[in-house]
Every structure is written in C-alpha cells, then in structure tokens.
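Written below as structure tokens is the structure these notes are about.
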Amino acid sequence: MSSGAGKVVCVTGASGYIASWIVKFLLLRGYTVKATVRDTSDPKKTNHLIGLDGAKERLHLYEANLLEEGSFNSVVQGCHAVFHTASPFYHNVKDPQAELLDPALKGTLNVLKSCVNLPTLERVVLTSSVAAVANNGKPLTPYVVVDETWFSDPDLCREAKRWYTLSKTLAEDAAWKFVKENNIDMVTINPAMVIGPLLQPVLNTSAASILNIINGAETFPNASYGWVNVKDVANAHILAYENASANGRYCLVERVAHYSEIVKVLPDLYPTLQLPEKYPKKRQRAWGLNILLWK
C-alpha cells in the first residue's frame, strides 16, 4: 500500500501503545511521519520506532511537551494530518490534576492551537475513549445501546473519582468546542479497552489488565468491558483521516466480555498459565458495554 506517498503527517505521543502501531501502519502506507516523544534521547521511547520498516527514510522524531504552549508549532508545519494520541492513562494517581487532567486537557488544546490556520492541514484525528462516552449515569444493561451521541458527565466522574475518565471527557469536550470555533476538521476515535501485541518495550495500562490476572492473582475482576484489538484501533485512526466522509466520533469495540470469559480463553492460547478461578462477589461497574460500532 502506498496511499500515503507524498503526504506528511504528525503523530503525538508516538512512543505510546496505540500511537506506535499508528506510526507503523502509516510508514507501511508510504507516509512521511513526524513523531513527537517527550525525550528523543530515551531508547525506551525511540528504539522501537526507529526500527520500523520505512523509518530510516520517512520517520522524523521531535521532542514536544504537552504542557508547553507552542511546543508543537514547528512539528505540525507542512502536515496534512495530525494524529493526537498523547494522553496519560493511569489508574493509581496521587495528583489527578497534574498527572492526568492537565496533560489531557491542556495538552489537547496546545496541539490544536498549533493547528490553527495551518494551510496544509486536512484533518485532525483525536484519540479519545469510550470513557468519554458511557459514564453518564444511564444504565449499562444488555438492552441498552451506547452510541456516539453519548457523552460522559464530568460531575459524575468527579464524584466517583474516575480521574482518567474525567481527563478524557474534559479533553474531548474542549477539543470539539475549539475546532468548531477555529474551523478545524476533526474526527475522534473512542476505543474501549485496547489489547493486543505491544511494540513499545514498557507495559501499558490496558495490557496490564490482562497481565495482572496471569501474574499469580487469586481472583480476577468481577467486571465486563468492551475490548478491541490495538491493530484495529490504529487502522481506524488512519481510515478516519483517509476517508473524506468520516466525521464526528467513532466508538470502537470488537466485543463485550466479562473477565471470566477471558480466563476461559487464555488457557487455549497458553496452556501453561496458572489462572485464577474465581472473582470477588462485589461487581465492579464497567464502561464500554454494548457499543454500536461505526454507526
């Protein structure tokens, strides 16, 4: 495939889980990729990107700080698309404002500000989350269809101290307001729990959700989530740019599954694993149920 030949695109947070796959697939399609990372001298951030097919010829690495206004100005120059994926994803945080909310909200606005009046820009593709869709107090039963018209309620997120969910909700909401005011074409990708092979050398939060149940845990979570493969998510980002008719928000969920189903599947793939056989009686509330795919 060479549909990207002659096109220059930017991927923020390029060393991350989803972003690394986006970079890989963009290079395979012939794009020239300007990729931002926090530290270009850190091999854990760059080596897996430098080794990708096509990287030697068409990958350019830049340092950029989400919290520094203007940090992305020079990077996005000449770009036809900006894939903004950079946003921290942690559960155990000590300072939600500094660790999650500021990087997500201010970082998104800083990237978008760099895109204002950019003559080459055709579209911004923003990595959001089902977290920004389904946390609004509506019941998530098997008979409820969640779609792209749903938005999470920031007040409910604050009350429940769901800081990651709040960060994605505030960031996406601010992004939609900003692009409408500044005439920027944007599409958002809202995946549920993203799993699948890792390109980066460090463990990411969603993959850790699987590792945790094979690392000697006595129980697995009593929760159901929407799940989707990282390769599908990466390809969806690229298709959201390449297809002119793409618009609005796209919720990505391949299937909804309780952790008990995952525990049943894993032994077929990895027979030597020692897996927990039970879960706590108390059910954990989960987001991502019954998502309507690509409406």
Side-chain angles (χ1 to χ4, degrees), residues 1-38 40 43 45-64 71-87 108 111-128 175 179 182-191 194 196-200 228-250 252 293-294:
M1 289 182 292
S2 58
S3 56
K7 295 262 187 173
V8 182
V9 298
C10 171
V11 179
T12 70
S15 61
Y17 180 39
I18 297 171
S20 295
W21 279 101
I22 294 174
V23 172
K24 178 182 175 72
F25 290 153
L26 285 167
L27 290 172
L28 288 175
R29 292 168 89 89
Y31 287 93
T32 295
V33 181
K34 300 170 84 171
T36 74
V37 295
R38 277 178 290 180
T40 54
K45 302 282 187 189
T46 61
N47 279 4
H48 66 288
L49 298 174
I50 293 170
L52 294 172
D53 289 345
K56 186 176 180 181
E57 298 81 17
R58 289 177 281 103
L59 177 66
H60 307 280
L61 294 175
Y62 298 83
E63 281 188 14
S71 184
F72 295 86
N73 285 355
S74 59
V75 187
V76 301
Q77 289 301 312
C79 287
H80 299 94
V82 173
F83 298 88
H84 178 45
T85 76
S87 186
T108 296
V111 171
L112 290 175
K113 285 174 184 175
S114 297
C115 295
V116 174
N117 298 323
L118 189 62
T120 54
L121 184 69
E122 295 166 354
R123 178 168 287 168
V124 172
V125 180
L126 174 70
T127 310
S128 188
V179 298
N182 291 277
N183 199 30
I184 294 173
D185 185 334
M186 184 179 79
V187 173
T188 70
I189 302 296
N190 298 65
V194 183
L198 284 65
L199 292 176
Q200 82 283 2
V228 62
N229 188 283
V230 65
K231 296 182 185 181
D232 292 333
V233 176
N235 273 318
H237 281 74
I238 299 170
L239 291 172
Y241 163 57
E242 291 182 344
N243 287 277
S245 61
N247 66 92
R249 313 164 85 205
Y250 290 94
L252 299 189
L293 291 183
W294 295 84

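Hydrogens, waters and symmetry mates are skipped; everything else that's a heavy atom, side chains included, is used.
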To check you understand the geometry: which heavy-atom pair defines the closest contact between P191 and V228, and what is its length? CB-CG1, 4.1 Å
Do W21 side-chain atoms and P197 backbone N/O form a donor-acceptor pair below 3.5 Å? yes
Excluding sequence neighbours, so at least two apart, what forms side chain to side chain donor-acceptor pair (under 3.5 Å) with Q77? none
Only counting residues at least two apart or in another chain, list the ones meeting side chain to side chain contact (heavy atoms under 4.5 Å, CB included) with N73. S114
Taking every heavy atom of C10 against every heavy atom of V76, the minimum-distance pair comes out as SG-CG1, 4.3 Å
Salt bridge (Lys or Arg N to Asp or Glu O under 4.0 Å) partners for K113, two or more places apart: E69
Over all atoms of both residues, closest heavy-atom pair of Y31 and V9: CD2-CG1, 3.7 Å
If you look only at pairs with a residue in residues 235-248, which of them pass as a salt bridge (charged side-chain N to carboxylate O under 4.0 Å, His left out), with sequence neighbours excluded? R29-E242
Approximate separation, where rounding is to 0.5 Å, of T36 OG1 and F72 CZ: 4.5 Å
Find the distance between CG (L49) and OG1 (T40) and round it off to the nearest 0.5 Å. 12.0 Å
Using a 3.5 Å distance criterion without hydrogens, assess whether the side chain of Y17 forms a donor-acceptor pair with backbone atoms of G196. yes
Pairing residues for D185 by the side chain to side chain donor-acceptor pair (under 3.5 Å) criterion, not counting sequence neighbours: R123
Could you pull out all residues at least two apart from S128 that satisfy side chain to side chain donor-acceptor pair (under 3.5 Å)? E172, N190
Are the side chain of N117 and the backbone N or O of C115 linked by a donor-acceptor pair below 3.5 Å? no
How long is the gap from CG on D53 to CZ on F25, to the nearest 0.5 Å? 11.5 Å
Quick one: which residue pairs count as a salt bridge (charged side-chain N to carboxylate O under 4.0 Å, His left out) with a foot in residues 3-23, not counting sequence neighbours? K7-E122
Heavy atoms, side chains only, cut-off 4.5 Å: are V179 and V124 in contact? no
Nearest heavy-atom approach of R58 to G30 is NH1-C, 3.4 Å
Do you know the tightest heavy-atom contact between S74 and K34? O-NZ, 3.7 Å
The test is side-chain contact (heavy atoms from CB on, under 4.5 Å); show your working for L26 and F83 and say whether it passes. CA-CA 11 Å; L26 285 167; F83 298 88; 4.0 Å; yes
With sequence neighbours excluded, tell me which residues meet side chain to side chain contact (heavy atoms under 4.5 Å, CB included) with A55. L27, L52, L59
Partners meeting salt bridge (Lys or Arg N to Asp or Glu O under 4.0 Å) with K45 (sequence neighbours left out): none
Could you walk me through whether V125 and I189 pass the side-chain contact (heavy atoms from CB on, under 4.5 Å) test, one step at a time? CA-CA 7 Å; V125 180; I189 302 296; 3.9 Å; yes
In this structure, CG of L239 is separated from OH of Y250 (nearest 0.5 Å) by 10.0 Å
Partner residues of S15 under the side chain to side chain donor-acceptor pair (under 3.5 Å) criterion, sequence neighbours left out: none
I want to check something: taking the side chain as every heavy atom from C-beta on, are L61 and I50 in contact at a cut-off of under 4.5 Å? yes
T127: which residues meet the side chain to side chain contact (heavy atoms under 4.5 Å, CB included) condition with it, sequence neighbours left out? I18, T85, H237
Closer than 3.5 angstrom, by distance alone: can the side chain of H84 be matched with the main-chain N or O of L126 as a donor-acceptor pair? no
For E63, salt bridge (Lys or Arg N to Asp or Glu O under 4.0 Å) partners two or more places apart: none
So which heavy atom on H80 is nearest to which on G6, and how close? CE1-O, 4.0 Å
Might you work through the side-chain contact (heavy atoms from CB on, under 4.5 Å) test for L199 and V230, ending with a clear yes or no? CA-CA 10 Å; L199 292 176; V230 65; over 6 Å; no
For I184, is there any backbone N or O sitting under 3.5 Å from a side-chain donor or acceptor partner on N182? no
